[in-house]
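Proteins get letters first, then strands, A, B, ... in listed order; numbering begins at 1 in each. Owing to the predicted nature of the structure, the values given are computational and were not obtained by experimental measurement.
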Amino acid sequence: MAETNAAKSAPSPSEPKLSWGDQVEDAASSSQAELNTPAEPKRSWGDEVEEAASSSEPELNVDALAISEDKKVNKFLDEPEDSNIKAVTTGDTPYSSASTFEDLNLTPELLKGLYVDMKFQKPSKIQAISLPMILTPPYKNLVAQAHNGSGKTTCFVLGMLSRVDPNLKAPQALCICPTRELAIQNLEVLRKMGKHTGITSECAVPMDSTNYMSFGKRPPVTAQIVIGTPGTIKKWMSAKKLGISSVKILVFDEADHMLAEDGFKDDSLRIMKDIQRMSAHCQVLLFSATFNETVKNFVSRVVNDHNQLFVKKEDLSLESVKQYKVNCPDELSKVLLIKDRIFELGEKLGQTIIFVRTRNSAGMLHKSLVELGYEVTTIQGALKQEDRDKIVKEFKDGLTQVLISTDLLARGFDQQQVNLVINYDLPVKHENHSEPDYEVYLHRIGRAGRFGRKGAVFNLLMSERDQMLMEKIERHFNSQIAQVASWNSDEDFKGALKAAGLL
DNA sequence: AAAAAAT
């Protein structure tokens, strides 16, 4: 059996649920005990997709997996934030994990960016495993899942920077992100890391009114790397302002959302197909901390012959981030809790993000807190572009301590000083508010605890429905979430923060 | 009874 546990994960024979790897193992007729439960059909979503997959795609040959299990890999076993990543490769390309950035044959300019500007010392585990897959010919497609805050951005940014030909002044790498904020953040990382390479880059997001340039007058893009949001990328492509004939690497950040039915599926597929028509050998990289079963199966149909890295959902919650639930009798008590506990206790500990469900409730909560005399900023998609930029910049510069946000910032937003996340409203599925959105929950709590830092999450529960949602979330991730005894006890909150390692 | 992008 060629599938390898790159980390110390013990096989769990009692695991009843179908996980990502199982599909592949089925195809390779695995002999692992856990897959041989005879009476189990092991499928919950119908055979239609399975048939389509087996008829249209070559069977995976997992025999060639070669994540080496030597001491190089063992170096990373103590990093909790990215333990238990499983790798499955196709074909006969051997890969070995990179224990240092030198192992990757990067240019001296890029190494300088990594060590001096980014202050990196060695690859995190997801980087050690994924970078050889990205950088080794024949440059196979990759679907990669890794924990929040474990360094996924570096994987694809480094991948883009090292695959670009510096002498060719045309777009060669494209990265699509779900929000303007994430595109800007990723471009900042890319520019910092690639500072000494001379590689050019551009952000393709809706322009703010101050930088407005008549679209027709705009010259075609010559930047070698373009990072942006789907609408703007599509617009530039169809207006022939963004040439795609030289694009050889296409990245989707937050890929599960980019390919979800209620996400950016249509835009993403359109962009992918247009590029693949122009340059057939374009490498596609899909990165996210979450891939639910539906998206997972869709992904394996749209991205052919891809290597995979994945994490079981039970292993996905960050151990360094302590999660709590608090019962609040009414709306007012939620506001008072934030006023008296979060502002008075939490503010000293670092920055806080408060997530709400709607733009409207963001505004209401903002108003209540301001009326009580507290300083807080709010971000949501209906604000003007320049206001959004300003609020994010103030928060990133540490000028503001508490930020209210819709799910605009749920994914990818990277601010290391955030160690408190408040779910003022629990995330629910759009089509059914009695069903939690597990993926969004995981992304939200991942705003705390960046790169293994300590953090705490407080889920404010107000109704029977909230209780039920919380139970479902606990069951889904197989994790017990501790209860804070009383919403209005300073001592209880101090105790919780202490237990989280923050006080 | 959404949010995101953008037309």
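- Not a single donor-acceptor contact under 3.5 angstrom links the side-chain atoms of D407(A) to the base of dA2(B).
- Remark: K313(A) fails to qualify as a cation-pi partner of F477(A) under the 6.0 Å distance and 45° angle criteria applied to the six-membered ring.
- At least one side-chain nitrogen or oxygen of T406(A) sits closer than 4.0 Å to the OP1 or OP2 atom of dA4(B).
- Geometric assessment of K265(A) against the ring of F298(A) yields a positive cation-pi assignment under the 6.0 Å and 45° thresholds.
- Here Y324(A) pairs with F458(A) under the ring pair (Phe, Tyr, Trp, His ring centres under 6.0 Å) rule; sequence neighbours left out.
- Note: OH (Y441(A)) to P (dA3(B)) measures 21 Å, nearest angstrom.
- When side chains are defined from C-beta on, Y441(A) counts as touching N423(A), because their heavy atoms get closer than 4.5 Å.
- Note: CE (M207(A)) to C1' (dA5(B)) measures 14 Å, nearest angstrom.
- When side chains are defined from C-beta on, L497(A) counts as touching L349(A), because their heavy atoms get closer than 4.5 Å.
- Whole-Å rounding puts the D389(A) CG to dA5(B) P distance at 11 Å.
- Distances were taken from every side-chain heavy atom of D262(A) (C-beta onward) to each of dA4(B), dA1(B), dA3(B); the shortest belongs to dA3(B).
- Residue D253(A) contributes atom CG, which lies 17 Å from atom P of dA4(B) at whole-angstrom precision.
- Proximity of R388(A) to the phosphate of dA5(B): a side-chain N or O atom is located under 4.0 Å from OP1 or OP2.
- E181(A) has its CD atom 9 Å from the P atom of dA4(B), to the nearest Å.
- Nucleotide dA2(B) holds its C1' atom 11 Å from the CZ atom of R444(A), rounded to whole Å.
- In this structure, the CD1 atom of I379(A) is 20 Å from the P atom of dA2(B), given to the nearest Å.
- The residue R180(A) sits close only to the backbone: its heavy atoms come under 4.0 Å of sugar-phosphate atoms, none of a base.
- Screening K241(A), R191(A), R218(A) for a salt bridge (Lys or Arg N to Asp or Glu O under 4.0 Å) involving E202(A) leaves a single residue, R218(A).
- Against DNA chain B, the stretch residues 225-238 of chain A makes heavy-atom approaches under 4.0 Å through T229(A), G231(A), T232(A), K235(A).
- Of the side-chain N and O atoms in R411(A), none sit less than 4.0 angstrom from OP1 or OP2 of dA3(B).
- Between Q385(A) and H257(A), the residue anchored closer to the 5' end of DNA chain B is H257(A), taking for each the nucleotide with the nearest heavy atom.
- Put simply, CG on L409(A) is 19 Å from P on dA2(B), counting in whole angstrom units.
- Annotation: side chain to side chain donor-acceptor pair (under 3.5 Å) contacts of Q401(A) (sequence neighbours excluded): none.
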